Amino acid sequence: MTKELLGFIGVGRMGAPMARRLIAAGYSLTVYDTNEAAVAPLVALGATQARSIAQVASAAETVFASLPTPEIVQAVAAAVATGNRVRTFIDLSTTGPRVAAEVGEALAASGITAIDCPVSGGVMGAEKGTLAVVVAGPRDVYDRLKPALDVIGKSFYVGERPGQAQVVKLVNNLLSVTALAITSEGMAMGVKAGIDATIMLDAINAGSGRNSATQDKFPRNVVPRTFDMGFALALSYKDIRLCLEEAERLGVPTIVGNAVKQVLGIAKATQGPDADLTTIVKAVESWAGVEVK
Ligand code: NAD
């Protein structure tokens, strides 16, 4: 059975696997990305390639976006508003609460409902359809969209106002990067003390220090030295910056958060903005003079 026609803008590391799952679930997709090479594999699966954002928004009533920066999301949303069919814009990107609210207001002026819909769970979660999908926007629109959201993960409705889902997402990412940064320090310490990295992780994962870095990122991406989690340092830095800006606006202290932002900044400066987030460990390793492997 053919389901609703959907638009999808931005089919990079996260967007592509989400788009693939929607196609596999029977949705027709009209896709646009400035990088044509990213679109071709989806066309091979049956998607239609659009030549502009306006073309996507004139083909589909519901348009998804998965884009790298808040500035790009704002520009894309403005272009979406020029389409003549779109009614709902679902932003899967991490943009921060302020931009999500601004995008919501700007689109409302054109009669388009914005759904603030950041996702968590990485490229692997996007491939398996196990993402945490945090949603803020009108409840009735969420209820209507839920079958499509169920294809990409498990959704959590958090409120009516675009921007509220971004707060949950940013806090999630702050916790996740904090775990990665502190695990880098702890693991470098263990290895320098002569302990096998894998045995140390096994012990911690059976104990109270376990976290997403000890359970997933270190065994999968750091110890095998593959550094292929699929999330760029620059995007993570953007998330933490947005999180701390919002905390400041709300008047909440972020002492630990600011330390983590500094560690991330050092990693970005030394490894490069496109390096994988898991290379954060290298900043600690070069100082400590050991490798966690
Ligand atoms: P990415 O850079 O791999 O993909 C972004 C895509 O957007 C690219 O294909 C790029 O060509 C395209 N693009 C850029 N400008 C465009 C424009 N003006 N019009 C159309 N397409 C454009 O990034 P990603 O890792 O897939 O992340 C996308 C979003 O998801 C970000 O907001 C990120 O913070 C968030 N996110 C990423 C992960 C992850 O693990 N990678 C996890 C959760 C959330």
Side-chain angles (χ1 to χ4, degrees), residues 7-21 29-42 47 49-57 63-80 82-83 89-97 99-100 103 116-135 152-154 165-166 168-177 180 212-213 216-217 220-221 227-243 264 268 273-280:
F8 209 113
I9 302 169
V11 285
R13 278 171 276 221
M14 292 297 284
M18 288 191 266
R20 274 201 301 274
R21 290 192 63 83
L29 247 62
T30 295
V31 177
Y32 176 76
D33 194 299
T34 41
N35 174 14
E36 290 207 12
V39 178
L42 295 166
Q49 177 167 16
R51 296 287 164 198
S52 68
I53 291 163
Q55 222 179 62
V56 178
V63 174
F64 287 84
S66 175
L67 296 159
T69 67
E71 296 74 26
I72 291 175
V73 169
Q74 281 184 304
V76 166
V80 163
T82 66
F89 178 71
I90 308 171
D91 187 14
L92 304 158
S93 329
T94 309
T95 58
V99 167
V103 165
D116 169 22
C117 192
V119 298
S120 176
V123 173
M124 198 186 290
E127 278 163 3
K128 289 189 186 156
T130 56
L131 292 171
V133 184
V134 191
V135 189
I152 59 176
K154 183 171 181 190
Q166 291 290 328
V168 178
K169 165 67 183 167
L170 293 181
V171 169
N172 174 81
N173 283 23
L174 177 63
L175 300 187
S176 166
V177 181
L180 184 59
S212 60
D216 301 330
K217 297 180 190 82
R220 216 171 268 151
N221 318 111
F227 302 110
D228 56 353
M229 179 206 159
F231 191 38
L233 275 169
L235 289 187
S236 178
Y237 188 83
K238 169 216 45 167
D239 292 348
I240 304 313
R241 176 178 61 75
L242 291 169
C243 185
L264 204 47
K268 184 162 75 79
D274 293 329
D276 197 78
L277 174 60
T278 52
T279 63
I280 207 171

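In what follows, residues are counted from 1 in the order of the sequence shown. Start at 1 and go down the list; that is how both ligands and their atoms are numbered. Since we're looking at a predicted model, the values are computed, not measured.
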Ring pair (Phe, Tyr, Trp, His ring centres under 6.0 Å) against F8, all qualifying residues, sequence neighbours excluded: F64

Results of side-chain contact (heavy atoms from CB on, under 4.5 Å) for K154 - residues two or more places apart only: F156

Hey, what do you get for [atom1] ([X]) to [atom2] ([Y]), rounding to the nearest 0.5 Å?
X    : Y    : atom1 : atom2 : answer
L170 : I240 : CG    : CD1   : 7.5 Å
F231 : L180 : CZ    : CG    : 11.5 Å
T279 : M229 : OG1   : CE    : 11.0 Å

Relative to [atom], which among [options] owns the nearest non-hydrogen atom?
atom                    : options          : value
atom 41 (N) of ligand 1 : G230, G122, A234 : G230
atom 7 (O) of ligand 1  : A16, G15, P68    : P68
atom 16 (C) of ligand 1 : T34, V11, V119   : T34

Assess the residue pair R51 and E36 against the criterion (salt bridge (charged side-chain N to carboxylate O under 4.0 Å, His left out)); give the C-alpha distance rounded to whole Å, side-chain angles, the decisive distance to 0.1 Å, and a yes or no. CA-CA 10 Å; R51 296 287 164 198; E36 290 207 12; 3.5 Å; yes

Ligand 1-proximal atoms of [X], by part, heavy-atom distance under 4.0 Å:
X    : result
K238 : side chain
L235 : side chain
I9   : side chain
T94  : both
V76  : side chain

Ignoring hydrogens and angles, tell me if any N or O in the side chain of D276 forms a donor-acceptor pair with the backbone of G230 under 3.5 Å. yes

Measure from the side-chain N and O atoms of D33 to the backbone N and O of V39, and report whether any donor-acceptor pair falls under 3.5 Å. no

Of all the heavy-atom pairs spanning [X] and [Y], show the shortest one and how long it is.
X    : Y    : result
S66  : M14  : OG-CB, 3.9 Å
F227 : T278 : CA-OG1, 3.4 Å
G122 : L131 : O-CD2, 3.5 Å

Note: ligand 1 atoms sitting under 4.0 Å from heavy atoms of N35 are 11 (O)

Provide the number and element of each atom of ligand 1 under 4.0 Å from a heavy atom of G12. 3 (O), 4 (O), 6 (C), 8 (C), 9 (O), 26 (O)

Starting from [atom], which protein heavy atom do you reach first, and at what distance in Å?
atom                    : answer
atom 28 (C) of ligand 1 : S66 OG, 3.6 Å
atom 39 (C) of ligand 1 : F231 CD1, 3.3 Å
atom 10 (C) of ligand 1 : D33 OD1, 3.4 Å
atom 3 (O) of ligand 1  : R13 N, 2.9 Å

Any N or O of [X] that comes nearer than 3.5 Å to an N or O of ligand 1?
X    : result
L67  : yes
K169 : no
Y32  : no
S120 : no
M14  : yes
S93  : no

Could you tell me whether the side chain of L264 reaches within less than 4.5 Å of the side chain of I280, counting heavy atoms only? yes

